[in-house]
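The chains referred to below are lettered A, B, ... by the order of the sequence lines, with proteins before strands, and numbering in each begins at 1.
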Protein chains: 2
Amino acid sequence: MISSKTKYGLHALMHLSHKYNKGPVLIAELAREEKIPKKFLELILLDLKNHGILESKKGKGGGYQLARHPSEVNIGQVIRILDGPLAPVSCVSQTAYKRCNECKDEHHCGIRLVMKDVREAMANILDRTSLADMGVRIKNFKSDSMFNFQI
Amino acid sequence: MISSKTKYGLHALMHLSHKYNKGPVLIAELAREEKIPKKFLELILLDLKNHGILESKKGKGGGYQLARHPSEVNIGQVIRILDGPLAPVSCVSQTAYKRCNECKDEHHCGIRLVMKDVREAMANILDRTSLADMGVRIKNFKSDSMFNFQI
DNA sequence: ATAAAGTCTATATTTTTAGTAGTCTATTTG
DNA sequence: CAAATAGACTACTAAAAATATAGACTTTAT
């Protein structure tokens with residue numbers, strides 16, 4: 001299961017995708033609209049900002065906005081930032097490899113080989129799906145444009 | 001990431017697969033060989049027994065053994081028992097569905113639709129891979145590398 | 001100058017994970 | 001039957017992680 005933190009982050013990013021190119025959005029608005037505890041959301045957004053996903057403006061008229069086009073932000077990145085590596089076991093992580101201490105021989109560990117497939121399968125979806133793609137999936141359902149940009 | 005508990009459980013089950021049809025194996029042996037804290041392992045094995053994966057015998061000459069052939073025990077089952085549902089979010093779980101409280105409209109949630117694909121991808125691997133398959137993967141890996149040297 | 005809005009650091013609370021201790025029950029065997 | 005073996009069960013604890021909350025600080029528009 002992904003953490004609440006990550007779910008909050010994804011919802012906030014979807015909200016910001018809707019408002020892409022419409023200027024900064026207040027933390028307070030995001031918190032209210034997406035039902036996220038405001039102070040907690042602050043930390044999440046800051047984290048995403050420090051990883052280059054978001055940019056912010058302080059002072060009056062400030063707020064948060066996407067640093068890149070929604071089609072350029074994929075969910076794999078976001079989950080890695082907020083939740084850590086995708087891999088089910090650290091010994092198959094591409095981004096945060098760490099040996100299992102109890103493992104005798106990594107290359108002959110059947111568990112590891114299966115988990116490698118799982119990681120691959122997850123990454124194939126998450127690293128190829130952008131915020132824009134998530135909007136499109138909804139659009140296909142609703143037959144009504146979700147975002148104010150061209151895909 | 002899966003928990004240590006689950007990793008321990010899978011290692012113990014692999015050990016028991018090797019010893020299938022050779023009589024019960026002591027918790028103490030499993031703990032020693034697989035480097036698992038013994039008391040913790042007791043709880044794990046008991047849990048797997050209560051879910052029909054293992055069977056046990058008390059008293060002298062007792063121990064644990066698989067309740068079914070290794071090809072009849074898949075990893076999806078094991079992970080669900082020890083770690084809970086496979087689904088990345090509860091609103092796409094087949095075995096433990098639960099609505100997201102903050103979600104406005106589940107059927108139009110793009111996050112949910114992507115996570116549904118992820119769940120599907122994971123389940124397709126984990127529910128189709130048995131303990132026996134994990135053993136086979138090791139075997140194939142070994143003969144492949146031997147093959148590479150010979151040709 | 002002041003009000004708005006994000007930033008930063010620290011702390012609190014709750015839940016989960018990981019592990020331990022000790023007693024109880026069943027089985028074998030001398 | 002008694003003793004030894006081995007799992008079953010209940011309870012507890014420590015540590016870590018998740019989920020927040022508080023409050024002072026900094027930047028910026030007007």
Side-chain angles (χ1 to χ4, degrees), chain A residues 1-12 16 23-32 34-51 53-67 79 81-85 88-90 96 100-102, chain B residues 1-12 16 23-32 34-67 79 81-85 88-90 96 98 100-102:
Chain A
M1 292 272 181
I2 64 177
S3 62
S4 303
K5 186 178 172 187
T6 299
K7 256 200 280 186
Y8 290 159
L10 289 172
H11 280 290
L16 291 171
V25 177
L26 295 181
I27 296 179
E29 174 184 329
L30 289 166
R32 181 173 18 86
E34 304 297 333
K35 294 174 191 154
I36 304 171
K38 190 185 163 214
K39 272 297 190 179
F40 194 26
L41 180 57
E42 282 182 18
L43 301 180
I44 295 169
L45 296 175
L46 192 56
D47 207 356
L48 292 171
K49 178 197 165 178
N50 290 334
H51 283 87
I53 307 287
L54 295 177
E55 53 193 29
S56 65
K57 238 187 107 186
K58 282 187 179 182
K60 193 167 189 182
Y64 271 97
Q65 57 195 22
L66 288 176
I79 294 180
I81 292 167
L82 297 176
D83 238 25
V89 290
S90 61
C100 295
N101 4 14
E102 75 279 6
Chain B
M1 291 272 179
I2 63 177
S3 62
S4 302
K5 186 177 171 186
T6 299
K7 254 200 281 186
Y8 289 158
L10 289 172
H11 280 291
L16 290 172
V25 178
L26 294 182
I27 296 180
E29 174 184 330
L30 289 166
R32 181 170 21 84
E34 304 297 332
K35 295 173 191 154
I36 304 171
K38 191 185 163 211
K39 272 295 191 180
F40 193 25
L41 180 57
E42 281 182 22
L43 301 180
I44 296 168
L45 297 175
L46 190 56
D47 207 355
L48 292 172
K49 180 198 163 179
N50 290 335
H51 283 87
I53 307 286
L54 295 177
E55 54 194 29
S56 65
K57 240 187 105 186
K58 283 187 179 182
K60 191 164 191 184
Y64 271 98
Q65 57 195 21
L66 287 176
I79 293 180
I81 292 167
L82 297 176
D83 238 24
V89 290
S90 60
K98 194 171 159 289
C100 295
N101 4 13
E102 74 280 5

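- In the 5' to 3' direction, nucleotides of DNA chain C lying under 4.0 Å from heavy atoms of chain A begin and end at dA4(C) to dC8(C).
- Contact annotation: Ser56(B) does not reach the phosphate of dA6(D) (side-chain N/O to OP1 or OP2, under 4.0 Å).
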> After noting the C-alpha distance and the side-chain angles of Leu30(A) and Ile36(A), does the key distance pass the side chain to side chain contact (heavy atoms under 4.5 Å, CB included) rule?
Replying inline: CA-CA 8 Å; Leu30(A) 289 166; Ile36(A) 304 171; 5.9 Å; no
Under 3.5 Å, side-chain donor or acceptor atoms of residues 55-66 of chain A against the rest of the protein: list the pairs with distances, not counting sequence neighbours.
residue: Glu55(A); atom: OE2; partner: Gln65(A); partner atom: NE2; Å: 3.2
residue: Ser56(A); atom: OG; partner: Lys49(A); partner atom: NZ; Å: 3.2

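- Rounding to the nearest 0.5 Å gives a distance of 9.5 Å between CG of Leu16(B) and CG of Leu48(B).
- Atom CD1 in Ile27(B) sits roughly 12 Å away from atom P in dC9(D) (whole-Å rounding).
- With values rounded to the nearest 0.5 angstrom, Ile81(B) atom CD1 is found 4.0 Å from Ile53(B) atom CD1.
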Identify each atom pair where a protein N or O and an N or O of nucleotides 19-22 of chain D are less than 3.5 Å apart, giving names and distance.
residue: dT19(D); atom: OP1; partner: Ser4(A); partner atom: N; Å: 3.4
residue: dT19(D); atom: OP1; partner: Ser4(A); partner atom: OG; Å: 2.9
residue: dT19(D); atom: OP2; partner: Ser4(A); partner atom: N; Å: 3.4
residue: dA20(D); atom: OP2; partner: Tyr8(A); partner atom: OH; Å: 2.9

With a 3.5 Å cut-off and sequence neighbours excluded, list the donor-acceptor pairs that the side chains of residues 4-11 of chain B form with protein atoms.
residue: Thr6(B); atom: OG1; partner: Ser3(B); partner atom: OG; Å: 3.1
residue: Thr6(B); atom: OG1; partner: Asp83(B); partner atom: OD1; Å: 3.0

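- Contacts of Lys38(B) classified as side chain to side chain contact (heavy atoms under 4.5 Å, CB included), with partners at least two apart in sequence or in another chain: Ile27(B), Ala28(B), Ala31(B), Glu42(B).
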All N/O contacts under 3.5 Å from nucleotides 27-30 of chain D to the protein, with atom names and distances to one decimal?
none

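- Across the protein-nucleic acid pair, Leu82(A) atom CG and dA18(D) atom P stand 11 Å apart, rounded to whole Å.
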